[in-house]
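Numbering of ligands and ligand atoms starts at 1, following listing order.
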Amino acid sequence: MTTAADAITIPANLLPSDGRFGSGPSKVRLESVEALAAVGGNYLGTSHRQPTVRNVVGQARRGLAELFNLPDGYEVLLGNGGSTSFWDAASFGLIERKSQHVAIGEFSSKCAAVMAAAPHLDSPDVITTAPGLAPVGNHADSSIDTYCFPHNETSTGVMCTVARPAGAEGLVMVDATSGAGGLRVDPSQFDVYYFAPQKCFAGDGGIWLALCSPAAVERIERIKATKRWVPASLDLTTALAQSRLDQTYNTPALATLFLLAHQVEWMVSKGGLEWCANRCDTSAATIYEWADAHVLASPFVVESARSHVTATIDFDDSIDALVLAKVLRANGILDVDSYRKLGRNQLRIALFPAIEPADIATLTKAIDHTIQHLLP
Ligand SMILES: *Cc1c(COP(=O)(O)O)cnc(C)c1O
């Protein structure tokens with residue numbers, strides 16, 4: 001017997017302990033918010049040029065170096081504006097002439113589009129794979145100085161392996177916005193690994209972070225020396241100099257920095273990247289095994305490329321995923337809607353480290369309950 005969507009109440013024992021499953025902004029742990037509130041009186045509203053704030057930035061930078069086990073000479077850069085601003089900064093300060101891009105969804109395509117629009121760069125090579133399929137990777141080409149690909153394409157739930165293309169000499173620049181902190185990575189395989197705190201780092205948006213190899217730092221300095229015009233706020237030599245002082249060029253969001261430092265500390269204290277990745281593996285196994293076994297659901301992505309940080313699940317036509325997401329939202333389960341532009345009958349569920357694997361298991365039960373009541 002079909003129940004009207006707005007009359008479906010999911011029983012309390014089928015509700016996750018936290019209802020936030022969005023892929024960004026994503027769940028922020030309440031402990032982080034409480035820790036922020038506790039320093040509210042002497043941290044928020046104080047100068048970002050003074051030790052109180054700079055110590056927090058330093059703590060985040062050192063914590064990230066530890067979390068990713070960065071080799072000597074790698075540096076943690078940060079700046080205002082999120083990963084989208086980093087694309088613009090990279091178009092001025094990292095790409096020398098020509099980049100090559102793996103474009104497998106909205107975000108990786110946007111990165112390629114930024115480089116394509118830059119009048120001072122050659123048209124990039126763009127290697128496209130349809131959403132959901134195993135990505136065709138970069139390949140060495142002597143005309144390319146920077147190879148770009150996403151660690152995780154958040155719009156489709158496809159993940160890539162971070163590896164230098166065989167024989168390639170250019171820099172490897174990885175969009176790790178939603179992969180960093182949840183997926184394993186070997187720093188020797190990248191030169192620039194950039195991200196923002198609102199995905200695996202369970203924080204708030206508005207800043208970018210970039211783990212840079214010595215070769216990337218050298219590139220940043222060399223391009224600057226060519227006198228290419230660079231907008232001041234996007235100048236990576238400024239970001240480099242400011243980051244080394246645990247500062248930013250202009251005023252950062254202090255709450256965002258605190259939440260980042262606090263979450264990185266939590267991730268390191270729990271056991272580092274391996275612990276985080278194991279947690280995401282557990283959540284991924286739960287959601288994909290459930291979908292594989294389901295008569296009305298199936299994982300969207302081919303098995304070899306299925307993301308362990310953002311799961312995309314297709315539904316049979318007898319279930320309207322928009323209605324499903326609406327019912328879940330009305331019951332406090334938030335932001336599981338699919339990426340709109342993908343246009344599929346789908347839910348997208350974040351599996352980030354801050355999300356309890358047990359909550360992913362409970363979520364599948366809440367979805368099952370809802371489906372039963374929606375079916376004719
Ligand atoms: C979220 C996301 C971005 C954009 O990040 P902003 O901080 O909002 O600019 C870019 N790339 C990927 C892969 C993302 O998931």
Side-chain angles (χ1 to χ4, degrees), residues 20-28 60 64 77-91 94 99 101-115 126 128-129 131-132 135 138 146-162 172-183 185 190 192-211 233-234 236 239 248 252-253 255-257 259-260 263 280 301 305-312 335-342 348-355:
R20 292 171 293 174
F21 296 98
S23 297
S26 67
K27 176 186 171 186
V28 177
L64 287 167
L77 272 60
L78 75 160
N80 285 321
S83 291
T84 302
S85 297
F86 187 77
W87 291 331
D88 292 331
S91 76
L94 274 164
S99 50
H101 299 258
V102 167
I104 54 175
E106 184 69 13
F107 292 108
S108 43
S109 300
K110 266 187 173 168
C111 175
V114 167
M115 307 317 163
V126 183
T128 310
T129 303
N138 297 88
T146 310
Y147 296 87
C148 306
F149 59 93
H151 199 173
N152 183 68
E153 174 49 69
T154 323
S155 66
T156 60
V158 168
M159 64 178 181
C160 302
T161 305
V162 177
V172 170
M173 182 170 113
V174 185
D175 182 350
T177 309
S178 61
L183 303 177
V185 68
F190 63 70
V192 183
Y193 189 76
Y194 62 94
F195 50 93
Q198 74 274 20
K199 316 244 167 134
C200 283
F201 288 93
D204 225 344
I207 58 171
W208 57 260
L209 295 125
L211 316 180
S233 70
L234 297 174
L236 289 174
T248 48
T256 299
L257 292 171
L259 293 175
L260 170 68
Q263 183 67 8
C280 297
V301 177
R306 265 174 217 166
S307 171
H308 286 201
V309 282
T310 49
T312 44
D335 304 333
V336 295
D337 317 66
S338 78
Y339 195 80
R340 279 296 151 88
K341 283 194 200 162
L342 193 56
R348 181 179 59 157
I349 296 154
L351 314 171
F352 299 147
I355 293 168

(request) Establish, from distance only, whether the side-chain atoms of Y147 and H101 form a donor-acceptor pair under 3.5 Å. (result) no
(message) Any donor-acceptor pair under 3.5 Å linking the side-chain atoms of D175 with those of S83?
(response) no
(request) Looking only at non-hydrogen atoms, find the nearest pair between S155 and E106 and report the distance. (result) OG-N, 3.1 Å
(request) Locate the shortest heavy-atom distance separating F352 from C280; write the atom from each residue and the value. (result) C-SG, 4.1 Å
(request) Report all protein residues having a heavy-atom distance below 4.0 Å to some atom of ligand 1; order the list by chain, then number. (result) G82, S83, T84, W87, F107, N152, T154, D175, T177, S178, A196, Q198, K199
Just distance, no hydrogens or angles: give the donor-acceptor pairs under 3.5 Å from side chains in residues 198-208, sequence neighbours left out.
none

(request) Establish, yes or no, whether a centroid distance under 6.0 Å links the rings of H151 and F190. (result) no
